[in-house]
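Read through the structure below, which is laid out as structure tokens, and then see the notes.
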Amino acid sequence: MDRKSENVSNFYNQMTNKFNIVGKNFARTDAYEKVTGRARYAADLTFPNMLLAGQKRVPTAHGKILAINTEEAEKLDGIEAIITYRDIPGKNVTGLVQKDQPILAFDKIYCPADVVAIVVGSDKKVIDKALSKIDIVYKEEPILSDYTKALDSDAPLIHPENRSNLVVHYPLRKGNIDKGFRESDIVIERTYSTPAIEHAYIEPECVIAVPDFRKDVYKIYGSIQNPFTCRRIVAEVMGLPLTKIHVIQNELGGSFGGKDDTMDILAARACVSSCRIKKPVKILLSREESIIESYKRHPYTMKYKVGITKQGLLKAMKIDILADAGAYASMSPFVTWRSVVQATGPYEVEHVHTDIRAVYSNNPYTGAMRGFGSPQIIFAQESLMDELADLIGITPLEIRKLNGYKQNSTTASGQVLNQHTVSLHEVIDKAVLESGYINKLKANRQQTIDISDHLYLDNDEFIDGDTTRTGIGMACSFRGCSLGAEGIDATGALISVQNDGSVYLISGLAENGQGLRMTFSMVAAEVLGINPEEIYYLEQDTSRIADGGPTVASRSTLVGGEAVKDAAERVRSRIESVLTSFWNVKKSSKFIFSNGFIRIADSKKSVSFSEACKQAYLNGVNLSAYGWFKGPNVDWNEEVGQGPAYFTYVYGCQIADVQVDVASGKIYVKRVTAVHDAGKIINPLSALGQVYGGVTQGAGYGTIEEVIVKDAVIENINLDEYLIPTSMDIGSIKAFFVENPDKFGPWGGKSLGEPTLEITAAAISNAVANALGKRFYHLPLDLEQIKIGKTLHQIKGGV
Amino acid sequence: MEFVAFDHIHEALSFLSQNRRQSKILSGGTDLLIALRKKDPSLNSVKYILSLNHIPSLKNITCNDFECVIGGATTFKTILSNKGIIENFPLLADAVLQIGSPQIRNVATIGGNICNLAACADSIAPLLIYDAKVRIQSVDSDRVIPLEKILIKPYTVNIQSHEILSEVLLPLPDKTGKSCFHKLGRRRGVSISRMSYAIYIRTENSTLMDFRIALGSLFPIPRRLRSLENEIIGSEVNPQLWRDVSRKIAHQIVDETGIRWSTRYKSPTIQQLLYTSLTQLT
Ligand SMILES: Cc1cc2nc3c(=O)[nH]c(=O)nc-3n(C[C@H](O)[C@H](O)[C@H](O)COP(=O)(O)OP(=O)(O)OC[C@H]3O[C@@H](n4cnc5c(N)ncnc54)[C@H](O)[C@@H]3O)c2cc1C
């Protein structure tokens, strides 16, 4: 029977706080190759007879396609084929939730990213020439770029068959909102808005489709975030069963949630092209194409009306949020669902009335990005908490302590938090202590300053002396782990121990640059008492392992880690059986696996791990095992937005120290104190990496990043104009981990990737308000926002 | 397009004169490569890319008792590691240290910065403060003229396509004054100047004896404000003077460049920044 012995599980209960491997620092499995430049990315790969592909776009954001004329382009020497929607063997229209996005445009242009034709050839120059010779006849339609007008009765319809631009609407109703406001002493209403931002992964998209010698079989290599989603889309587009498409993931030069739909669609286009010409086809995007074609973080407009008592107890929140989905639904239904669950923040509010809607526009489509619907609402919620605290004369700390979730609190969706340790107060207290929050908060408030935005300053408007002011601000959050009621939450892992004791490992979730391969190796190594560096982590290939769902939602360590642990424990249990008979000891003997040896407690019996594996092999015992983890059931009532949305949660608090130069409006983030309870930290080194990266990315969101869209066209399409923070732009990041146990996750290891990013911008904004005594409601807090209270845009030709 | 390189400036000059208007000089390439990638129409007629990188005389710095001479193809990295520059021309060193990133400074050159003549070219304002001259050579001519005289309009300097800017000459300055360089960008690393300025001030008993100011990214090209300088030299130094000067400069900018998309931000900002710097210097 393939079952773990009781023995094994007992053993773990005893050893939960004593680890050999877990909790120690290990460099990532790919560190050496990446640092020395040996790692091979998709763009480095070539195959015999491989051709390149260029993509034809139309310079409009909205139009009806009347004709696609490719004859002139086809005549060019060196062009192998021009691919249009007519070449697609299966389904042309895809979408993860809503089928609304064509692989190749055929009837309409929905946004400037749309591709109408693919030119395949061997020479980039010839391809470019051919692209310019393709003639697409189209009729312009009115453009909808201001998404706040998408639901107006006269708004142009993006997908007319839907009869509305509404993509999705989630209501949430708890208590009685009118009663809540009646019971409040103070009621305020505020509107916040956040921009679209770009993932800005260092490696632009690349994919290669290679026809196999076997009929109808294709291998797809690429910078692919989710190989299984990619396989499904390509199989649908090709009209082939899943098994005929092998997706092999290459090293990823960053993703941050951004190499999902875009890559799936590019893979499908490459595959269709390679099918037509029977040769490998590579699509490699330039940075400009990458920014034009890839989806962005959702811009949100958020109206919050909040009622509070004089004592500082939150009574009622009425929340109305509009999200720009852009031209396609993509992940909008999932992104906005997370927002509706978490929109009140980690605060107990008796009466909640939330509506969130995502709407279509002709803007770049929006989808998954690290944070996934949380950074926006956290900016609103956490700004509100500080502002409310000011109004009733308590500190931002006090208002959070009064209202923040405690053990057994009830969330806005009616979920009682009694299945895990609710550590909100613990993370806040730690952050307050480590940052010296209280004293700094008071000291900074002494400063007053008026910033004049007059074209010419009057004599009394010049500021004498130092123009920099310091500020400190906090923000905190709770975050549901993994997918929640969004989707099926199960994943597998495969471990294969060879007869010399060396180990292959792979899981259904994919390395995205977060360091998952080492984390999983450490989990397996802990169970088997071996060195994680000696585990050979297999190349991610959809034919090697079962579909484990997407690598998203900070779920890898939690869900994938459990599956890896399960697989390793199955093997361990079989080795224990082999040794039980080999040594002829009692079945209840306690085995200790550590440092490459297996011993029995209180006995001299000991054998090396490799010798034990050899014994198992000689006895015909299978040392390969599949591990599996399925998350417990979660539930959601769509009508009223009630239910236990996620099976467990994590908590975080960040405090930012900023310096603002009121002469220029420039913010410098001097220090961020980041405290996260992500449960057990498996690899502290990669956990720190998550905090450093997340905080820096969050600071970019807070201060400089914005995809500038004018009439649905992106203006800043390269990294000289779309700015992200450099290592010079952030001071010190002090990370602290609070490690509460959880019954889920390997030894209670949960989620960290997204929590680190989602709160930083809010903390910075609160710090700026503390510095200037003035609050901002729109991100990013760029120079102009701070100095003159609004964002000025002109990218082209401006200095 | 063909790539050519020579070991001696004379070979390079004769190649240029034989292939007038068909050659483009490459120094560090940090501007030119971008123009090439963008298929800038000004490069349509270019057949040869001529590299200066193998001409040693263009890549070093010499200082004597009167001046420092920087070769036209000297990298910012070399400039920053030169004692003569750091000691005598602190404004230049400050400005150069803030150009791009270490990777950019390893290859980008002072001649390229001048000849590309972007509004935001950071080395130019300090060079103007120090009354830099440039040496321009061709097969049949060799002239030394003030830097200011070759700065014509954005991306255009008064150097012909067969000429090479071979040297930047910096007379050693009076070291009794005080100076500052300020650059404002949207971020700290790899940042384009939204505005920059270099100031040199010398006072005696609170009388302004010398005053020089040059601005970057505020006019179409970096500019020294000579008439304003002359107007106020000899004045009594006090905060009111600096408020007036800051405001005057803002007026001059708006008068000459008009109300642009960025004016609402830039005008109040430059006044306060200048005022803060000027009061700190005196
Ligand atoms: C990432 C990045 C960041 C940057 N940051 C900054 C910054 O912070 N501040 C700043 O000022 N600039 C910055 N730049 C712009 C650029 O690096 C500078 O302008 C640099 O000084 C150009 O020098 P170069 O040697 O690379 O010039 P090149 O690109 O080689 O040449 C520029 C132009 O000058 C001509 N030319 C070059 N040398 C000569 C010569 N000796 N005689 C005649 N003509 C010549 C070339 O033909 C060409 O037209 C940045 C560029 C990049 C890519």
Side-chain angles (χ1 to χ4, degrees), chain A residues 128 286-288 451-468 661-669 699-700 703-706 718-731 780 782-799, chain B residues 34 37-39 98 100-102 118-121 154 182-196 216-221 239-240 242-244 246-251 253-254 257 259-280:
Chain A
D128 286 345
S286 66
R287 177 64 63 184
E288 289 87 345
I451 311 178
S452 170
D453 61 358
H454 292 159
L455 206 52
Y456 304 113
L457 301 184
D458 290 336
N459 282 336
D460 59 2
E461 288 174 335
F462 284 92
I463 302 162
D464 284 302
D466 187 8
T467 56
T468 57
D661 183 358
V662 298
S664 62
K666 189 159 173 173
I667 298 172
Y668 177 60
V669 180
T703 59
I704 49 176
E705 291 189 40
E706 175 163 21
N718 206 331
L719 298 177
D720 56 341
E721 290 167 340
Y722 184 85
L723 300 183
I724 57 171
T726 69
S727 58
M728 308 260 297
D729 291 287
I730 188 146
D782 61 9
L783 301 173
E784 293 85 357
Q785 188 69 230
I786 299 291
K787 183 81 181 173
I788 62 170
K790 64 177 186 186
T791 297
L792 300 178
H793 286 149
Q794 183 192 340
I795 284 295
K796 298 278 173 271
V799 282
Chain B
I34 290 167
R37 184 171 182 276
K38 287 192 174 157
K39 303 201 165 65
Q98 295 180 58
S101 59
C120 58
H182 188 90
K183 166 171 172 171
L184 174 68
R186 291 194 182 273
R187 59 182 177 194
R188 290 197 165 191
V190 208
S191 188
I192 308 237
S193 287
R194 298 221 62 218
M195 52 183 85
S196 71
S217 296
L218 287 159
F219 292 106
I221 56 173
Q240 190 54 43
W242 297 136
R243 283 192 276 268
D244 291 338
S246 305
R247 204 159 32 219
K248 263 193 189 140
I249 291 173
H251 274 287
I253 293 167
V254 176
T257 62
I259 302 266
R260 298 158 52 91
W261 68 274
S262 55
T263 308
R264 279 212 48 207
Y265 167 77
K266 281 189 162 185
S267 182
T269 300
I270 188 64
Q271 290 168 75
Q272 180 63 51
L273 286 174
L274 285 173
Y275 176 71
T276 304
S277 294
L278 289 164
T279 46
Q280 268 166 12

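So that the names make sense, note that chain A is the first sequence line, chain B the second, and so on, each numbered from 1. Owing to the predicted nature of the structure, the values given are computational and were not obtained by experimental measurement. Computed from heavy atoms alone, side chains included, the values below leave out hydrogens, waters and symmetry copies.
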Any side-chain heavy atom of [X] within less than 4.5 Å of one from [Y]?
X: B:Arg194; Y: A:Lys666; answer: no
X: B:Thr269; Y: A:Ile788; answer: no
X: A:Asp464; Y: B:Tyr275; answer: yes
X: B:Lys38; Y: A:Asn718; answer: no
X: B:Tyr265; Y: A:Ser664; answer: yes
X: B:Arg186; Y: A:Thr703; answer: no
X: A:Glu461; Y: B:Gln271; answer: no
X: B:Val254; Y: A:Tyr456; answer: yes

Please classify the contact of A:Ile704 with chain B as side chain, backbone, both or neither, using a heavy-atom distance under 4.5 Å.
side chain

The interface call for A:Leu719 against chain B, heavy-atom contacts under 4.5 Å, is backbone

What distance separates [X] [atom1] from [Y] [atom2], expressed to the nearest 0.5 Å?
X: A:Ile463; Y: B:Gln272; atom1: CD1; atom2: CD; value: 4.5 Å
X: A:Asp466; Y: B:Thr276; atom1: CG; atom2: OG1; value: 8.5 Å
X: B:Thr263; Y: A:Leu792; atom1: OG1; atom2: CG; value: 9.5 Å
X: A:Leu455; Y: B:Arg247; atom1: CG; atom2: CZ; value: 12.5 Å

For the backbone of A:Ile724 and the side chain of B:Arg187, can you confirm whether one donor and one acceptor N or O come within less than 3.5 Å of each other?
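Indeed, once roles are kept as given, a pair shorter than 3.5 Å links the two residues.
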
Chain A contact via B:Ile192 - which portion, at a heavy-atom distance below 4.5 Å:
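The answer is neither part of B:Ile192.
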
Structural part of B:Ile270 lying under 4.5 Å from a heavy atom of chain A
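For B:Ile270, there is no contact with chain A at all, as no heavy atom is under 4.5 Å.
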
For the residue pair B:Leu273 and A:Ala663, what are the closest heavy atoms and their distance?
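What the structure gives for the nearest pair is CD2-CB, 3.6 Å.
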
Which atom names give the shortest non-hydrogen contact between A:Ser286 and B:Arg37, and what distance separates them?
CB-NH2, 4.0 Å

Determine the option with the most heavy-atom pairs under 4.5 angstrom with chain B, choosing from A:Glu784, A:His454, A:Glu288.
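Of the candidates given, the most pairs with chain B belong to A:Glu784.
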
Which residues share a side-chain contact (heavy atoms from CB on, under 4.5 Å) with B:Ser101, sequence neighbours left out:
B:Gln103, B:Ile104, B:Val190

Applying side-chain hydrogen bond (donor to acceptor under 3.5 Å, both in side chains), name anything that partners B:Lys183, two or more places apart in sequence or on another chain.
B:Asp122

